Amino acid sequence: MKPKAVFLDIDGTLTEPGTNVPPASALEAIRRAQEAGNYVFLCTGRNYAMLSPLLKYGFDGVVASSGGYVACRDEVIYDSPMTDEERDRMSRLLKENGIFRTIECVEGAFTDDGFKNFLREHANEGENSEMLRWQEQIEKDLNILPMEAYKGQAVYKMVVMSPSMESLEICREELKDDFSFCIQEPRGGFVNGEIISRRFDKGTGVLKVCEHLGIPLEDSVGFGDSMNDKEMLEVAGLSVCMENGSAEMKKIADVICPSVTEDGIKKAFEKYHLM
């Protein structure tokens, strides 16, 4: 059989959201797929530093930072951070519109201290106390540092928390020529989203890996669950959405597999002869 390149989103696909431990069945499937001559890559919005809990499982490479940083084995094959001008312009617009940032670099991520301070000040309002616990847990699990620790490293994307969609739309209008906005469901009264360069996306990462390995696109397989997987699923030769995925992604995907909690990765690997 010809080798295939398999691309796995993390949260909601390879792992349950908010965890860094794949099910044993998924790890078995990945190992067996590699033994059969296939390549298995992480394909994620996370930056490279956030992947350290997962790299120990022996993936063949990563598409990190939503496609801005791509590595195959120990070789970086694509590296496209923001320019300093882009970073500074975006930061200024977000600050002017009261939007909190987490900036993501290869070496780590750095978040505005003001966001947690705001939540503490309004902890008794609505869902803000829950939101504060959620934010602190994410920072602990993914080793996100305060903004004061940022020393000017190259930035690949920004994750934002906006108090309103209107504020976010102002920034989107200003940045639309160079950046795309991936907006998630509101949480705790805030609108959560990612701002990503139009130079790349997860689909770009799939293309770069397949070109590097000499694998035809029709022999690539992408697994995802949410809108930030859209381009990956559109590019991959076979696109798979998890049963726990969004309705929009299920419309895009070629097939749907069982959820992450029902051994979906292993069952799909078996069904589509990846191991």
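Just so you know, these numbers use all the heavy atoms, side chains as well, and skip hydrogens, waters and symmetry mates. Nothing here was measured: the structure is a model prediction, and the numbers come from that model.
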Apply side-chain contact (heavy atoms from CB on, under 4.5 Å) to Arg198 and Ser180, showing your working.
-> CA-CA 6 Å; Arg198 292 193 182 278; Ser180 59; 3.8 Å; yes
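- A pairwise comparison of heavy atoms in Cys171 and Ile99 identifies SG-CD1, 3.7 Å as the closest pair.
- Considering only residues two or more places apart in sequence or on other chains, Lys95 meets the salt bridge (charged side-chain N to carboxylate O under 4.0 Å, His left out) condition with none of them.
- The hydrophobic cluster containing Val63 does not contain Leu8, counting ILVMFWY residues as joined when their side-chain heavy atoms lie under 4.5 angstrom apart, directly or transitively.
- With a 4.5 Å cut-off on side-chain heavy atoms, Glu28 and Met275 do not count as touching.
- Aromatic ring pairs are classed by plane angle as parallel below 30°, tilted from 30° to 60° and perpendicular above 60°; the pair Tyr39 and Phe41 is tilted.
- We find that Lys157 and Glu104 are joined by a salt bridge, their nearest charged nitrogen and carboxylate oxygen being less than 4.0 Å apart.
- The OG1 atom of Thr204 sits 8.0 Å away from atom CD of Glu231, with the distance rounded to the nearest 0.5 Å.
- Counting heavy-atom neighbours within 6.0 Å of Lys271 NZ, excluding the residue itself, gives a total of 12 or less.
- By the 4.5 Å heavy-atom criterion applied to side chains, Phe200 and Ser65 are not counted as neighbours.
- Hydrophobic clustering (ILVMFWY, side-chain heavy atoms < 4.5 Å, transitive): Tyr150 and Val159 are in distinct clusters.
- Here the side chains of Ile265 and Thr13 are in contact, with some heavy-atom distance below 4.5 Å.
- In this structure, Asp229 and Ile252 have side chains that are not in contact, with every pair of non-hydrogen atoms separated by 4.5 Å or more.
- In terms of hydrophobic clustering, with Ile, Leu, Val, Met, Phe, Trp and Tyr side chains grouped at heavy-atom distances under 4.5 Å, Phe100 and Ile196 are assigned to different clusters.
- In this structure the side chain of Gln153 never reaches within 4.5 angstrom of the side chain of Val106, judged on heavy atoms.
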Going by atom type alone, with no hydrogens or angles, which donor-acceptor pairs under 3.5 Å involve a side-chain atom of residues 209-220 and a protein atom two or more places apart or on another chain?
| unit_1 | atom_1 | unit_2 | atom_2 | d |
| --- | --- | --- | --- | --- |
| Asp219 | OD1 | Lys4 | NZ | 3.4 |
| Asp219 | OD2 | Lys2 | NZ | 3.4 |
| Ser220 | OG | Leu217 | O | 2.6 |
| Ser220 | OG | Gly237 | N | 3.0 |

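- Between Tyr78 and Lys208, the shortest heavy-atom distance links the atoms CD1-CE, 3.6 Å.
- Of all heavy-atom pairs between Cys105 and Val155, the closest is SG-CG2, 4.1 Å.
- Using a 4.5 Å cut-off on side-chain heavy atoms (C-beta onward), Leu54 and Val62 make no contact.
- Between the CG atom in Asp9 and the NZ atom in Lys202 there is a gap of 4.0 Å [rounded to 0.5 Å].
- In summary, Asp201 and Lys230 do not engage in a salt bridge, as defined by a charged side-chain N under 4.0 Å from a carboxylate O.
- Ion pairing between Lys151 and Glu107 fails under the 4.0 Å rule for side-chain N and carboxylate O.
- Between Arg172 and Glu169 a salt bridge is recorded (basic side-chain N to carboxylate O distance below 4.0 Å).
- In this structure, Lys267 has no side-chain hydrogen bond (donor to acceptor under 3.5 Å, both in side chains) partners at least two apart in sequence or on a different chain.
- A distance of 9.5 Å separates CD of Glu174 from NZ of Lys176, quoted to the nearest 0.5 Å.
- Separation of atoms CD (Glu16) and CG (Asn244) is listed at 9.0 Å; rounding is to 0.5 Å.
- Under a 3.5 Å cut-off, the side chain of Arg199 and the backbone N or O of Asp178 do not form any donor-acceptor pair.
- Contacts of Phe269 classified as ring-ring contact (aromatic ring centres under 6.0 Å, His included), with partners at least two apart in sequence or in another chain: Phe223.
- Leu274 and Phe7 fall into different hydrophobic clusters, defined by Ile, Leu, Val, Met, Phe, Trp and Tyr side-chain heavy atoms under 4.5 Å apart, directly or through other members.
- Counting all heavy atoms, side chain and backbone alike, Val240 lies closest to Ala253 at C-CB, 4.2 Å.
- The two residues Ser167 and Ser162 come nearest to each other via the heavy atoms CB-OG, 3.6 Å.
- Gln34 places a side-chain N or O within 3.5 Å of a backbone atom of Gly58 that can act as its donor or acceptor partner.
- The ring-ring contact (aromatic ring centres under 6.0 Å, His included) test applied to Tyr48 returns Tyr69, not counting sequence neighbours.
- At a cut-off of 3.5 Å, with distance as the only test, a side-chain donor of Asp254 or Ser239 sits close to an acceptor on the other residue.
- Applying the side-chain contact (heavy atoms from CB on, under 4.5 Å) test between Val160 and each of Leu168, Asn97, Thr102, Asp112 identifies Leu168 as the sole match.
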Please walk me through it: do Asp60 and Arg73 pass side-chain contact (heavy atoms from CB on, under 4.5 Å)?
-> CA-CA 5 Å; Asp60 293 294; Arg73 301 286 170 81; 3.1 Å; yes
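- Summarising the geometry of Ala26 relative to Leu14, their closest heavy-atom pair is CB-CD1, 4.0 Å, with the distance given to 0.1 Å.
- Under the 4.5 Å side-chain criterion, counting only non-hydrogen atoms from C-beta, Met158 is in contact with Ser91.
- Residues Leu42 and Val6 share a single hydrophobic cluster, defined by chaining ILVMFWY side chains whose heavy atoms lie under 4.5 Å apart.
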Check against side-chain contact (heavy atoms from CB on, under 4.5 Å), Arg46 and Asn20 = CA-CA 12 Å; Arg46 295 188 192 184; Asn20 286 309; 2.6 Å; yes
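- In this structure the side chain of Arg101 never reaches within 4.5 angstrom of the side chain of Met90, judged on heavy atoms.
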Going through the distances and angles, do Ile183 and Met165 end up as a side-chain contact (heavy atoms from CB on, under 4.5 Å)?
-> CA-CA 9 Å; Ile183 308 303; Met165 183 61 77; 3.8 Å; yes
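- Thr15 meets the side-chain hydrogen bond (donor to acceptor under 3.5 Å, both in side chains) test with no other residue; sequence neighbours excluded.
- The CG atom of Asp225 sits 8.0 Å away from the CG atom of Asp11 when rounded to the nearest 0.5 Å.
- In this structure, the separation between SG on Cys257 and CD on Glu243 is 8.5 Å, given to the nearest 0.5 Å.
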